[in-house]
Every structure is written in C-alpha cells, then in structure tokens.
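Below: the structure, in structure tokens.
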Number of protein chains: 2
Amino acid sequence: MRKENEILNDYLRQKGLKQTSQRNVILETFLASGGHISADELQEMIRKKNPRIGFSTVYRSLRLFTECGIAREVNFGDGRARFERGFDKTQHGHLVCTSCGKTEEFTVAAIQKTIKHISEKYDYKPDGHRFEVYGICKKCR
Amino acid sequence: MRKENEILNDYLRQKGLKQTSQRNVILETFLASGGHISADELQEMIRKKNPRIGFSTVYRSLRLFTECGIAREVNFGDGRARFERGFDKTQHGHLVCTSCGKTEEFTVAAIQKTIKHISEKYDYKPDGHRFEVYGICKKCR
DNA sequence: CTGTGTGCAAAACCTTTGCACGAGC
DNA sequence: GCTCGTGCAAAGGTTTTGCACACAG
C-alpha cells in the first residue's frame, strides 16, 4: 500500500508546491486520529505538538489532503465538516446514533453496484458518495 | 395520504404549541417549493407573500417541521442546510454534479434493503438516511 | 391572563481571505 | 532570489439566541 506521505509529496511536486514541517505534522496527526475528525478537533490535537500552527493552516492542509485524495470530507449534520482517510477505496457508509452521536462504519458491496447503476442511468461520471444511516443505538434505548 | 398541515397541527397540539399565521405561510411556501431549498431561499420566497416574517422564524419553523417529520435536512456540501419534504417515505438518494451543482433524485429499492440489513446487524433502530452520489454530469464534460 | 411566538439585532459558529513576514527550492 | 506557505486578525456566510412586545389558547 502506498503511504500517504508519498502521495502528498508527489502531489506537491507535481503542482510546484512545497513540503513544510507544518504539513508533515498535520498529516501525521490526521492519520493518527481515529477518523471523522473536524478541523477544530484536529487543531486541538496539533496544538499539543506545535502550538504555533494556526487554524488557517489546518484548514488549508485539509483542503490539500482532500484534493490529493488522502482525505475525504464527510458530514454528520452537526454543522461542521469532518474528515476521514480517503485513500481507503472500500466503499463504506456511516451509521450515526442521533441520540449519543456515536458513529460506526459499515461496508456493503451493494453500495458499489448501486452507484454504478445510478451513474450509468443518469450519465454522470461518479466521483464519490456519502451514505449515512441515522438511528438510535442499542445503549440509547 | 395525510396532509402536512394536519401532521403539524397534531404535533403542535400534542406539545402545547400554537398555530400561527407565520407557521402556515412558511409551511405552505415550503411545500410549494420544489424541494432541496435552503433557509434563505425559502425566506426569499416568503418575503413576497409576507415581508415581515424574519429569518429566525423561518429557521425555527424549519426545525419544527423537521422534528415532526414534515421536512428532512439534506446536505450537498455547499455549506448550508437544505430541506426537502420528509414525509415522503420513498427511499431515495441524490445525484449531485460537483461541477454545476445540479441535483437529481433517484430511487433504488436496494437502499431500503441495505438499511434494514445494516441496522439489524449493528442493532440500531433506523430513523432516516442520506445517500448522495457525487459526479460530473453529461453537460459538464 | 399565561405562556408561547415573533422580529430585530446581536452573537455565535465555522470557514475563508488579505496581508506582511518567513521558509522551501 | 523568487515563489509559495504561514500566522494573525479580520471578514464572510450561515445559524442561533436574547429580549421586548404581540398574539394564540
């Protein structure tokens, strides 16, 4: 499996952008996080390693990671963007508890088939998806 | 089919809330809109009928409609919430063009099966879903 | 009458942007 | 050196909230 930092560096080189220590720290921290992390949560984690990194840099890096496919934006309806590792090609969805906010990932082969079918029918070139199922988890009942 | 205003009025009565002319106008306008409408677009439509209705009332009403199941919040990644009729039990998804923003609805029976399967497996009581497929539409290629 | 709803403006919130300085190549 | 990146603060956009008054039940 190709490492994320290689993907990033190739992308930077190709676009004439530069490697910086900030980008390294942010990527590292993002990968170490469990996933489904918001910009401010990531910022909070980063603050511990390097308190001088600003919000803008975190946001800009997340956009960069999204552009090169390392990250993917997801949205759980809490009013802010969340990010997860995007290079993982497994088509998955999220099961979100509307009571306690707990989130689980699930994988279903059926999603891939559905996406293929739909995008052919409407003549779209598919480029990602989001599938979120909301419910109440066992504990919250 | 049970009318939305009946659903709303029952909900209001049950919660000890009140019927108001504003809520009527907002509901009417929301239903007349094509769907996938944002709060400010709805406000804009409402302004023509009754220019004195404020933003807060529109937001508060949309939350109310969402609570009683008349509306459903959807999110197309443009940074603001959009609302569609929620009592329509047809399980559908959205196909969003990431280039021009055009949105189409599609229906697939497979989604229902998938949701049922997943929520049983993880022991969640399902309560809604979002399924968005992103791509580039025919025109934008 | 009592408590809820409304409109306004201000606040809160997340995200983006302008700018001067700093750092990679 | 030239260009891109960064941090800060300020601006941008959407949504929520506090408050005094209005209105439904």
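Naming convention: chains lettered A, B, ... in sequence-line order (proteins, then strands); numbering from 1 in each chain.
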Expressed as a whole number of angstroms, how long is the span from [X]:[atom1] to [N]:[atom2]?
{"X": "B:N9", "N": "D:dA24", "atom1": "CG", "atom2": "C1'", "value": "13 Å"}
{"X": "B:R23", "N": "C:dG7", "atom1": "CZ", "atom2": "P", "value": "11 Å"}
{"X": "A:Y11", "N": "D:dG5", "atom1": "OH", "atom2": "C1'", "value": "15 Å"}
{"X": "B:L8", "N": "C:dT4", "atom1": "CG", "atom2": "C1'", "value": "15 Å"}
{"X": "A:K18", "N": "D:dC4", "atom1": "NZ", "atom2": "C1'", "value": "4 Å"}
{"X": "A:N24", "N": "C:dG24", "atom1": "CG", "atom2": "C1'", "value": "12 Å"}
{"X": "A:K15", "N": "C:dC25", "atom1": "NZ", "atom2": "P", "value": "18 Å"}
{"X": "B:Q19", "N": "C:dG3", "atom1": "CD", "atom2": "C1'", "value": "17 Å"}

Carboxylate-amine/guanidinium proximity below 4.0 Å for [X] and [Y]:
{"X": "A:E4", "Y": "A:R85", "result": "yes"}
{"X": "A:E41", "Y": "A:R80", "result": "yes"}
{"X": "B:E120", "Y": "B:K116", "result": "yes"}
{"X": "B:K49", "Y": "B:E28", "result": "yes"}

Under 3.5 Å: donor-acceptor pair, side chain of A:R72, backbone of A:G86: no

For B:S33 and B:F30, which heavy atoms make the closest approach, and how far apart are they?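 Smallest heavy-atom distance, with atoms named: OG-O, 2.8 Å.
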
Show the nearest heavy-atom pair for residues A:L8 and A:C68, with the distance to one decimal.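 Where A:L8 meets A:C68 most closely, the heavy atoms are CD1-SG, 4.2 Å.
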
Pull out every residue in residues 42-61 of chain B that has a heavy atom closer than 4.0 Å to any atom of DNA chain C, ordered by number, or say none. B:R52, B:I53, B:G54, B:S56, B:T57, B:R60

To the nearest 10 degrees, the angle between the two end axes of the helix from C:dC1-D:dG25 to C:dC25-D:dG1 (five pairs per end) comes to 30°

Phosphate oxygens OP1/OP2 of D:dA22: is one of them under 4.0 Å from a side-chain N or O of B:Q22? no

Side chain of B:R80 only, heavy atoms from C-beta on: which candidate in C:dT15, D:dT15, C:dT4 is closest?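 Out of C:dT15, D:dT15, C:dT4, the nucleotide with an atom closest to B:R80's side chain is D:dT15.
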
By nearest heavy atom, map B:T20 and B:D78 onto DNA chain D; which one lands nearer the 5' end?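 The 5'-side residue here is B:D78.
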
Would you indicate whether B:K113, at its atom NZ, is surrounded by more than 12 heavy atoms from other residues, nucleotides or ligands within a distance under 6.0 Å?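 Check fails, neighbour count at 12 or below.
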
Side-chain contact test, heavy atoms from C-beta onward, threshold under 4.5 Å: evaluate it for A:L31 versus A:N5 and give yes or no. no

